[in-house]
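Data block below; observations after.
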Amino acid sequence: LANMNQRMLDIVLRASDSVLFPKVYDLVFPLFQKKHKPDDVKLAKFGELVREHPIQVQFDMFGASSKFCAAAAVEPTAYLACASDVNDMSRCISPAQKLACLVSACRIAEEQIARAGKAYGADELLPVLCYAIVQSQLTDVHAQFAFIDEFVGDTVSQSYDACMFTHFT
C-alpha cells in the first residue's frame, strides 16, 4: 500500500468498503465501542439532560444564536431530520456509508439554517450539529466517529465531506 499512488489507493479503499467491511465489521467495530465507551457514556448522560429541556434551552446550551432558536421554535421538527441521518450511522457497516450519513445531516442542517434567512457560518452550524447528535440518541457517537476517522483516511481530506466531518468531530 505504501507504494501506491493516490488513484490506486482510492480504488482499494472503495473496494474495501463493499468487500472487506461486510466481512469484518462485526469483529472490528466492537473494539471501537469498547475503547470509546467511557466518552460515549458521558455523552449519553449529557444527552439525557439536554433532552429534558425545551428546544429553546437546548439550543442555548449549545450556543446557537436566537435567530436559529426562533426558527426551530416555529418548526420544532426542523432539525430532527438532521438527527435522523446521524442516527442512521448505526445501521451502516462501512466508514464511507457512515460518513455519508453525517454529510447528509450537514446538508439538511445547512438547508434549515438557510431558511432562517440570514447569513451563517460555522458558529451557527456547530450548535445545530451538536443538537443533532444529542437528538439522534446514538449511543456510540465517539466509536462511530473514530471508526470513520480510522478507515476513511486522506481520500476525502480536501473535500466538503472532510470539512463536515471536522465540524461534527
Side-chain angles (χ1 to χ4, degrees), residues 13 16-64 68-69 71-73 75-113 122-153 155-157 159-169:
L13 288 172
S16 69
D17 244 26
S18 58
V19 176
L20 178 65
F21 286 107
K23 292 178 173 49
V24 300
Y25 182 78
D26 290 337
L27 299 171
V28 174
F29 191 70
L31 300 174
F32 284 87
Q33 288 175 310
K34 183 178 179 181
K35 179 179 179 182
H36 295 281
K37 187 163 184 80
D39 291 328
D40 284 328
V41 168
K42 286 180 197 173
L43 184 60
K45 288 178 184 175
F46 176 71
E48 289 173 23
L49 172 72
V50 170
R51 285 189 296 272
E52 291 173 2
H53 293 87
I55 196 165
Q56 179 74 33
V57 174
Q58 291 180 40
F59 272 86
D60 287 345
M61 289 175 152
F62 295 123
F68 301 114
C69 296
E75 189 181 348
T77 60
Y79 298 112
L80 292 184
C82 182
S84 176
D85 279 12
V86 171
N87 199 48
D88 286 346
M89 285 194 314
S90 64
R91 291 188 279 282
C92 299
I93 61 170
S94 82
Q97 291 169 339
K98 290 176 183 296
L99 180 59
C101 291
L102 291 179
V103 171
S104 177
C106 285
R107 290 185 197 279
I108 291 168
E110 288 180 323
E111 289 170 10
Q112 292 297 333
I113 293 169
D123 287 345
E124 289 76 29
L125 181 60
L126 292 175
V128 172
L129 299 181
C130 291
Y131 173 80
I133 289 171
V134 168
Q135 291 300 320
S136 75
Q137 298 185 32
L138 196 61
T139 58
D140 55 4
V141 172
H142 290 89
Q144 296 283 346
F145 286 15
F147 183 78
I148 293 168
D149 192 39
E150 182 70 29
F151 292 109
V152 169
T155 59
V156 296
S157 64
S159 69
Y160 175 84
D161 293 9
C163 180
M164 293 303 109
F165 181 65
T166 299
H167 282 316
F168 263 112
T169 55

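All figures in this text were calculated on a predicted structure; none of them were measured in a lab.
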Side chains of F32 and E150 in contact at under 4.5 Å (non-hydrogen atoms):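 Answer yes - side chains close enough.
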Using every non-hydrogen atom in the two residues, find where [X] and [Y] come nearest and quote the distance to one decimal.
X    : Y    : value
L138 : S90  : CD1-CB, 3.6 Å
F147 : S94  : CE2-C, 4.1 Å
F165 : L99  : CB-CD1, 3.8 Å
A109 : V128 : CB-CG1, 3.7 Å
D85  : I108 : OD2-CD1, 3.2 Å
T139 : D40  : O-CB, 3.4 Å

Would you find a donor on one side and an acceptor on the other, under 3.5 Å apart, between the side chain of [X] and the backbone of [Y]?
X    : Y    : result
Q135 : Y131 : no
S136 : I133 : yes
S104 : A100 : no

Going from [atom1] on [X] to [atom2] on [Y], what distance comes out if it is rounded to the nearest 0.5 angstrom?
X    : Y    : atom1 : atom2 : value
D161 : C106 : CG    : SG    : 9.0 Å
K98  : I148 : NZ    : CD1   : 7.0 Å
L31  : Q33  : CG    : CD    : 9.5 Å
C130 : F46  : SG    : CZ    : 8.0 Å
K23  : I93  : NZ    : CD1   : 9.5 Å

Students often mix this up, so state it plainly: with edges at 30° and 60°, are the rings of H142 and H36 parallel, tilted or perpendicular?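 Geometry flag for H36 against H142: parallel rings.
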All side-chain hydrogen bond (donor to acceptor under 3.5 Å, both in side chains) counterparts of E110, not counting sequence neighbours: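 E110 satisfies side-chain hydrogen bond (donor to acceptor under 3.5 Å, both in side chains) with Y160 once adjacent residues are dropped.
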Just jot down the salt bridge (Lys or Arg N to Asp or Glu O under 4.0 Å) partners of D88, sequence neighbours excluded, or say none.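 Counting only residues at least two positions away or on another chain, D88 forms a salt bridge (Lys or Arg N to Asp or Glu O under 4.0 Å) with R91.
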Walk me through it: do Q144 and L102 pass the test side chain to side chain contact (heavy atoms under 4.5 Å, CB included)? CA-CA 11 Å; Q144 296 283 346; L102 291 179; over 6 Å; no
F29 ring center near Y25 ring center (under 6.0 Å):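 Between F29 and Y25, the centre distance is under 6.0 Å.
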